[in-house]
Novice: 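Following this message is one structure expressed as structure tokens.
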Amino acid sequence: MPLKLHDTLTRSDRAVTPLDGKTLRFYCCGPTVYGPAHIGNFRTFVAQDVMRRVVESSGTPTLHVRNITDVDDKTIRDSQKAGQTLVDFTRGWTGKFHADCAALNLLPPHVEPSAVAHIPHQVAMIGKLITSGHAYAAADGSVYFRVSSFKDYGKLSHLEDRELRLGASDAASATDSDEYTKDSLTDFALWKARKPEDGANHWPSPWGEGRPGWHLECSAMILEYLGEDFDLHSGGVDLIFPHHENEIAQSCCSTHGKFAHHWMHVAHLMVDGGKMSKSLGNLYTLEDLAKRGYSAAEVRYVLISGHYRAPLNFTMHSLDSARQALQKLAKADKALSSLSPSLPISKSPALFQDAWETLLHDLNVPGALGAIFGALNKLKPAALSAEEAASVRGGLHFMLHALGIHLPPVMEDTAVEVPADIQALAQQRWDAKQAKDWPAADALRKQLEAAGWLIKDTREGFTVLPL
RNA sequence: GGCGAGGUAGCAAAGUGGUAAUGCACUGGUCUGCAAAACCGGUAUGCGCGGGUUCAAUUCCCGCCCUCGCCUCCA
């Protein structure tokens with residue numbers, strides 16, 4: 001059974017099957033590397049990662065392309081502030097991005113093209129668009145796409161001409177001199193003529209020195225790595241308009257293809273019930289959360305715990321909740337592994353068939369997680385044979401792999417260093433217990449708890465754990 | 001104003017034309033000297049508000065309220 005996924009263009013759930021019958025080829029709009037990505041950015045990348053994992057788990061290989069946007073207003077501006085060349089500056093942030101992706105257990109894309117490395121491809125596409133009458137060079141050397149030349153413009157975002165113009169007329173009141181060089185307010189830049197503030201960041205073109213517009217890189221790199229037609233295109237909801245609308249216009253007018261055959265858009269992450277913003281100080285990065293003691297695995301769990309098409313509210317409590325949920329899964333896995341130590345590679349969800357089918361229905365991750373816990377709750381590990389335990393565990397790991405969940409060690413198994421004084425108090429309490437001096441034992445237990453340590457008695461003796 | 005998404009227990013979040021998964025938190029019990037862990041159980045007479053359709057609606061229809069996003073370069 002193939003994955004059924006909501007398609008933004010048709011507003012319907014459609015089966016995701018490869019055009020070529022073999023490999024699912026898809027493109028994701030990647031990060032602009034001018035600073036660390038925040039967890040809102042990562043919600044989108046994590047959702048795309050789950051999509052890829054589910055497709056691969058269902059037996060279809062993928063070709064995953066995700067770009068790095070390393071030339072735009074912000075990268076140019078901030079590289080200059082940092083006193084670095086654009087390439088050095090973006091290389092640093094790209095490295096940080098990769099490290100964060102690895103921490104979040106994101107599968108690396110098969111191809112990760114950089115915009116700066118594909119400027120000739122973009123120039124070539126502009127040339128085609130000018131030749132076919134879909135684009136024109138303005139007096140200052142900028143090149144614009146003529147929106148009126150593409151009848152399907154607005155189809156993806158479902159925006160009418162009227163709305164497009166209304167929006168554009170508002171923008172025109174801004175003091176951007178570029179606006180006056182365009183034939184129509186709705187036209188957008190393919191090539192931006194060199195400006196003094198660009199510094200050394202300009203490239204040659206038949207229309208003069210300058211740099212490519214933002215939308216064009218994706219179209220050019222998609223053509224290079226996926227061709228005129230490909231299976232699926234994905235990004236955050238905010239990219240529907242204008243970014244994806246413009247990509248469609250550029251690509252469809254410069255090739256004979258239909259561009260993306262399926263559109264997946266991920267809803268935004270909210271924090272404490274509101275939108276994220278720098279001014280509110282709630283724009284968290286993985287590093288911010290690590291400082292508060294939360295792992296990337298816990299962040300990932302929170303990010304997948306809501307359906308990708310619904311806004312998700314992120315709170316610190318949700319991270320605590322994720323920690324406990326992961327522990328619950330880890331403990332269940334541990335119980336199964338004691339019955340069946342070797343982990344068989346499973347290509348089927350076994351006991352978790354319901355969870356798997358839920359996942360195939362528009363990537364319902366929260367529903368699938370619920371089904372996994374439900375199945376585990378019904379399970380009586382003690383009554384299982386080794387074969388049964390192996391099958392259940394294989395199924396569990398099939399699901400965990402599809403969700404990209406990496407189980408943490410069970411907390412009580414984690415070796416912690418116990419300070420000598422704490423250890424001594426614990427020993428005293430043990431001695432009191434052996435002497436059946438309950439008041440003394442209880443007093444010592446309380447003393448240790450006040451110091452942040454918990455005594456856990458076992459058959460053989462006792463262990464001390466941090467609270 | 002237009003378009004889109006969403007409003008379900010203390011928090012988070014699924015789902016369905018027939019009477020509310022799941023995780024966290026809380027809580028009762030078993031166990032334990034007491035705890036912890038584990039296991040068994042409880043916690044929304046109700047799914048934004050008001051109408052309507054229906055034998056039956058949280059689920060369909062209409063109206064309204066609220067939140068979030070987009071309306072030219074924000075995942």
Side-chain angles (χ1 to χ4, degrees), chain A residues 8 11 28-32 37-48 69 72-74 147 154 157-160 162-168 170-172 174 176 179 185-189 192 213-215 234-243 245-246 265-270 273-277 301-302 305-307 309-315 317-326 328-329 331 335 354-355 358 364-377 380 382 410 412 433 436-439 441-442 445-446 449 454-458 462-463 465 467:
Chain A
T8 310
R11 295 180 179 177
C28 302
C29 288
T32 303
H38 56 71
I39 53 173
N41 297 316
F42 281 120
R43 182 190 190 189
T44 299
F45 300 131
V46 167
Q48 292 160 342
T69 297
D72 80 321
D73 291 342
K74 293 186 289 275
V147 166
S157 52
H158 303 97
L159 290 173
E160 303 293 329
R162 192 175 58 82
E163 275 120 36
L164 293 171
R165 287 204 202 87
L166 275 175
D170 288 342
D176 184 347
E179 300 292 341
L185 289 168
T186 56
D187 293 350
F188 58 90
K192 301 176 107 170
W214 172 44
H215 315 295
S234 174
V237 281
D238 53 322
L239 295 184
I240 296 173
F241 188 88
H243 186 57
E245 201 71 74
N246 292 354
H265 289 101
V266 183
H268 276 171
L269 186 72
M270 311 209 301
K275 57 180 166 184
M276 290 188 302
S277 75
Y301 191 93
V302 172
S305 66
H307 186 93
R309 288 203 291 127
L312 174 66
N313 190 22
F314 179 90
T315 62
H317 180 255
S318 64
L319 281 169
D320 293 327
S321 180
R323 172 169 298 173
Q324 293 309 123
L326 285 167
K328 191 165 185 168
L329 289 171
K331 284 174 187 168
D354 284 353
T358 300
N364 186 349
V365 176
L369 285 170
I372 290 172
F373 283 110
L376 288 173
N377 288 342
K380 303 270 182 284
V410 173
E412 47 200 282
K433 178 183 167 167
K436 297 199 192 293
D437 181 357
W438 309 132
D442 287 350
R445 174 185 284 286
K446 281 199 174 161
E449 280 174 2
L454 175 75
I455 294 176
K456 184 182 163 190
D457 290 340
T458 64
F462 66 93
T463 54
L465 298 166
L467 273 177

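We name chains A, B, ... by the order of the sequence lines, and we start the count at 1 in each one.
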Novice: To the nearest angstrom, how far is A/Gln48 atom CD from B/A75 atom C1'?
Specialist: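 These atoms are roughly 8 Å apart.
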
Novice: Set out, line by line, the N/O atom pairs under 3.5 Å between protein and nucleotides 31-34 of chain B.
Specialist:
| from | atom 1 | to | atom 2 | distance (Å) |
| --- | --- | --- | --- | --- |
| B/G33 | O6 | A/Arg429 | NH2 | 2.6 |
| B/G33 | N1 | A/Asp442 | OD1 | 3.0 |
| B/G33 | N2 | A/Asp442 | OD1 | 2.6 |
| B/G33 | N2 | A/Asp442 | OD2 | 2.6 |
| B/C34 | O2 | A/Arg445 | NE | 3.2 |
| B/C34 | N3 | A/Arg445 | NH2 | 3.2 |
| B/C34 | N4 | A/Asp457 | OD2 | 2.9 |

Novice: When the distance from CZ of A/Phe373 to P of B/C24 is rounded to whole Å, what number comes out?
Specialist: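 Taking atom P of B/C24 as the reference, CZ of A/Phe373 is at 7 Å.
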
Novice: If we check side-chain contact (heavy atoms from CB on, under 4.5 Å) with A/Val302, which of these qualifies: A/Thr315, A/Leu319, A/Val46, A/Asn313?
Specialist: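 Considering A/Thr315, A/Leu319, A/Val46, A/Asn313, a side-chain contact (heavy atoms from CB on, under 4.5 Å) with A/Val302 is found only for A/Leu319.
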
Novice: With RNA chain B as reference, determine whether A/Gly306 or A/Asp320 sits nearer its 5' end, using the nearest nucleotide of each.
Specialist: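 Checking each residue's closest nucleotide, the 5'-ward one belongs to A/Gly306.
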
Novice: Rounding to the closest angstrom, what is the interatomic distance between B/A25 and B/A20 at atom P?
Specialist: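 After rounding to an integer number of Å, I get 25 Å for this pair.
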
Novice: Under 4.0 Å, heavy atoms only, any strand: does A/Gly236 hit a base, just the sugar-phosphate, or nothing?
Specialist: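 Sugar-phosphate contact only.
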
Novice: Describe the nucleic acid contact of A/Pro311 in one word from base, sugar-phosphate, nothing, applying a heavy-atom distance below 4.0 Å.
Specialist: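 Here A/Pro311 touches the backbone only, sparing every base.
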
Novice: Given that both distances must come in under 3.5 Å, which nucleotide forms a Watson-Crick or G-U wobble pair with B/G6?
Specialist: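 The base-pairing partner of B/G6, which may sit in any strand shown, is B/C66.
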
Novice: To check you understand the geometry: which heavy-atom pair defines the closest contact between A/Leu239 and A/Cys29, and what is its length?
Specialist: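 Residues A/Leu239 and A/Cys29, closest heavy atoms: CD1-CB, 3.7 Å.
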
Novice: Say you draw a straight line from CG of A/Leu312 to NE2 of A/His307; how long is it, rounded to the nearest 0.5 Å?
Specialist: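 Answer rounded to 0.5 Å: 11.5 Å.
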
Novice: Taking A/Phe462's backbone N and O only, do any of them form a donor-acceptor pair with A/Asp457's side chain (distance below 3.5 Å, no angle check)?
Specialist: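 Judged by distance alone, no pair lies under 3.5 Å.
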
Novice: Mind checking whether A/Lys192 and A/Asp73 have side chains closer than 4.5 Å, heavy atoms only?
Specialist: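 Side chain of A/Lys192 against side chain of A/Asp73, heavy atoms only: contact under 4.5 Å found.
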
Novice: Figure out the CD/C1' separation between A/Gln324 and B/C24, and round it to whole Å.
Specialist: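 One finds 8 Å between C1' of B/C24 and CD of A/Gln324, rounded.
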
Novice: Parallel under 30°, tilted from 30 to 60°, perpendicular over 60°: which one fits the rings of A/His243 and A/Trp214?
Specialist: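 It falls in the parallel class, under 30°.
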
Novice: A/Leu376 CG to B/A21 P: how many Å, rounded?
Specialist: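 To the nearest whole Å, that distance equals 18 Å.
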
Novice: Would you indicate what A/Ile455 reaches in the nucleic acid, counting non-hydrogen atoms under 4.0 angstrom: base, sugar-phosphate, or nothing?
Specialist: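 Base, at least one base atom sits under 4.0 Å.
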
Novice: Report the nucleotide, chosen from B/A75, B/G10, B/U72, that has the shortest atom-to-atom distance to any side-chain atom of A/Leu239.
Specialist: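 The closest nucleotide is B/A75.
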
Novice: Under 3.5 Å, side chain of A/Glu245 to main-chain N/O of A/Ser157, donor-acceptor pair present?
Specialist: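 Yes, the answer is positive, given that a donor and an acceptor are paired below the 3.5 Å cut-off.
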
Novice: Just the rounded figure in Å: distance from C1' of B/G7 to CG of A/Leu312.
Specialist: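 So the CG-C1' distance, A/Leu312 to B/G7, works out to 15 Å.
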
Novice: To the nearest angstrom, how far is A/His243 atom NE2 from B/C71 atom P?
Specialist: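 Computing the A/His243:NE2 to B/C71:P distance gives 13 Å.
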
Novice: Could you give the distance separating B/G52 and B/G29 at their C1' atoms, to the nearest angstrom?
Specialist: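 48 Å, rounded to whole Å.
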
Novice: Taking 4.0 Å as the cut-off, does a side-chain nitrogen or oxygen of A/Arg11 come that near to OP1 or OP2 on B/G4?
Specialist: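 Checking A/Arg11 against B/G4: at least one side-chain N or O falls below 4.0 Å of OP1 or OP2.
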
Novice: Of the nucleotides B/C73, B/G23, B/G6, which one has an atom closest to the side chain of A/Ser321?
Specialist: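 Shortest atom-to-atom distance from the side chain points to B/G23.
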
Novice: Name the pairing partner of B/A56, where a pair is Watson-Crick or G-U wobble with both distances under 3.5 Å, or state none.
Specialist: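 When the pairing criteria are applied, nothing turns out to pair with B/A56, so the answer is none.
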
Novice: So which nucleotide from B/A13, B/A35, B/C68 ends up closest to the side chain of A/Lys275?
Specialist: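 That would be B/C68.
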
Novice: Please measure how far the P atom in B/A5 lies from the corresponding atom in B/A14, and state the result in whole Å.
Specialist: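 Between the two P atoms, the distance is 15 Å.
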
Novice: Say you pick atom P in B/C74 and the same atom in B/G69; how far apart are they, in whole Å?
Specialist: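 To the nearest whole Å, 15 Å.
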
Novice: Measure from the side chain of A/Thr44, starting at C-beta and using heavy atoms only, and say which of B/A75, B/A36, B/G23 lies closest.
Specialist: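 Nearest to the side-chain atoms of A/Thr44, counting from C-beta on, is B/A75.
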
Novice: Tell me what A/Lys74 touches on the nucleic acid: a base, only sugar-phosphate, or nothing, going by heavy atoms under 4.0 Å.
Specialist: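 Sugar-phosphate only.
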
Novice: So, does A/Asn246 get its side chain near the phosphate of B/U72, meaning an N or O under 4.0 Å from OP1 or OP2?
Specialist: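 Looking at the OP1 and OP2 atoms of B/U72, neither is under 4.0 Å from any side-chain N or O of A/Asn246.
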
Novice: Using atom C1' in both nucleotides, what's the gap between B/G10 and B/G17 to the nearest angstrom?
Specialist: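 Comparing C1' positions in B/G10 and B/G17 gives a spacing of 31 Å.
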
Novice: Nearest whole angstrom, please: distance from the C1' of B/C71 to the CD1 of A/Ile240.
Specialist: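 One finds 12 Å between C1' of B/C71 and CD1 of A/Ile240, rounded.
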
Novice: Which of these nucleotides, B/U72, B/C74, B/G23, is closest to any side-chain atom of A/Asp238?
Specialist: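 Out of B/U72, B/C74, B/G23, the nucleotide with an atom closest to A/Asp238's side chain is B/C74.
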
Novice: Grab the two heavy atoms, one from A/Arg43 and one from A/Gly306, that are nearest each other, plus how far apart they are.
Specialist: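 The pair with the smallest heavy-atom distance is NH2-O, 3.9 Å.
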
Novice: Heavy atoms only, 4.0 Å cut-off, all strands: where does A/His307 land among base, sugar-phosphate and nothing?
Specialist: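 Result for A/His307 = sugar-phosphate.
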
Novice: How is A/Gly40 classified with respect to the nucleic acid when contacts are heavy atoms under 4.0 Å: base, sugar-phosphate, or nothing?
Specialist: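 Touches a base.
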
Novice: Tell me the interatomic distance from A/Arg309, atom CZ, to B/G6, atom P, rounded to whole angstroms.
Specialist: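 Result: 7 Å.
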
Novice: Between B/G33 and B/U43, how many Å separate the two P atoms, rounded to a whole number?
Specialist: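 Taking atom P in both B/G33 and B/U43, they lie 31 Å apart.
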
Novice: With C1' as the reference atom in both, quote the distance from B/U32 to B/G42 in angstrom, rounded to an integer.
Specialist: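 Here B/U32 and B/G42 have their C1' atoms 22 Å from each other.
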
Novice: Decide yes or no for A/Gln48 and A/Thr44: does some side-chain heavy atom of the first lie under 4.5 Å from some side-chain heavy atom of the second?
Specialist: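 They are in contact (side-chain heavy atoms under 4.5 Å apart), so the answer is yes.
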
Novice: Can you find a pair of side-chain heavy atoms, one from A/Thr8 and one from A/Val237, that are under 4.5 Å apart?
Specialist: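 No, their side chains stay 4.5 Å or more apart.
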
Novice: Give A/Leu269 one of three labels, base, sugar-phosphate or nothing, depending on what nucleic acid heavy atoms sit under 4.0 Å from its own.
Specialist: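 Since a base atom lies under 4.0 Å of A/Leu269, the category is base.
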
Novice: Name the nucleic acid region contacted by A/Ser318, choosing base, sugar-phosphate or nothing; use a 4.0 angstrom heavy-atom cut-off, strictly under.
Specialist: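 The residue A/Ser318 makes no contact with any strand.
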
Novice: What is the base-pairing partner of B/G41, counting Watson-Crick and G-U wobble geometry with both distances under 3.5 Å?
Specialist: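 Pairing partner: B/U27.
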
Novice: For the residue pair A/His38 and A/Asn41, establish whether any side-chain heavy-atom pair is separated by less than 4.5 Å.
Specialist: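 A/His38 vs A/Asn41: side chains touch.
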
Novice: Side chains of A/Arg445 and A/Leu454, heavy atoms from C-beta outward: is any pair under 4.5 Å?
Specialist: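 Yes - at least one pair of side-chain heavy atoms lies under 4.5 Å apart.
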
Novice: Side-chain contact test, heavy atoms from C-beta onward, threshold under 4.5 Å: evaluate it for A/Leu269 versus A/Phe42 and give yes or no.
Specialist: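 Answer no - side chains too far apart.
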
Novice: On RNA chain B, check which nucleotide each of A/Val237 and A/Thr458 is closest to and give me the residue with the more 5' one.
Specialist: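 It is A/Thr458, whose closest nucleotide lies nearer the 5' terminus.
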
Novice: Given B/A12, is OP1 or OP2 found less than 4.0 Å from the side-chain N or O atoms of A/Asn313?
Specialist: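 Looking at the OP1 and OP2 atoms of B/A12, one of them is under 4.0 Å from a side-chain N or O of A/Asn313.
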
Novice: Show each protein N/O and nucleotides 37-42 of chain B N/O combination with a separation under 3.5 Å, one pair to a line.
Specialist:
| from | atom 1 | to | atom 2 | distance (Å) |
| --- | --- | --- | --- | --- |
| B/A38 | OP1 | A/Lys331 | NZ | 3.3 |

Novice: Looking only at atom P, what distance separates B/G63 and B/C68, rounded to whole Å?
Specialist: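 My reading of the P atoms in B/G63 and B/C68 gives 23 Å.
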
Novice: Which base, if any, makes a Watson-Crick or G-U wobble pair with B/G1, both distances under 3.5 Å?
Specialist: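 Because both required distances fall under 3.5 Å, B/G1 counts as paired with B/C71.
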
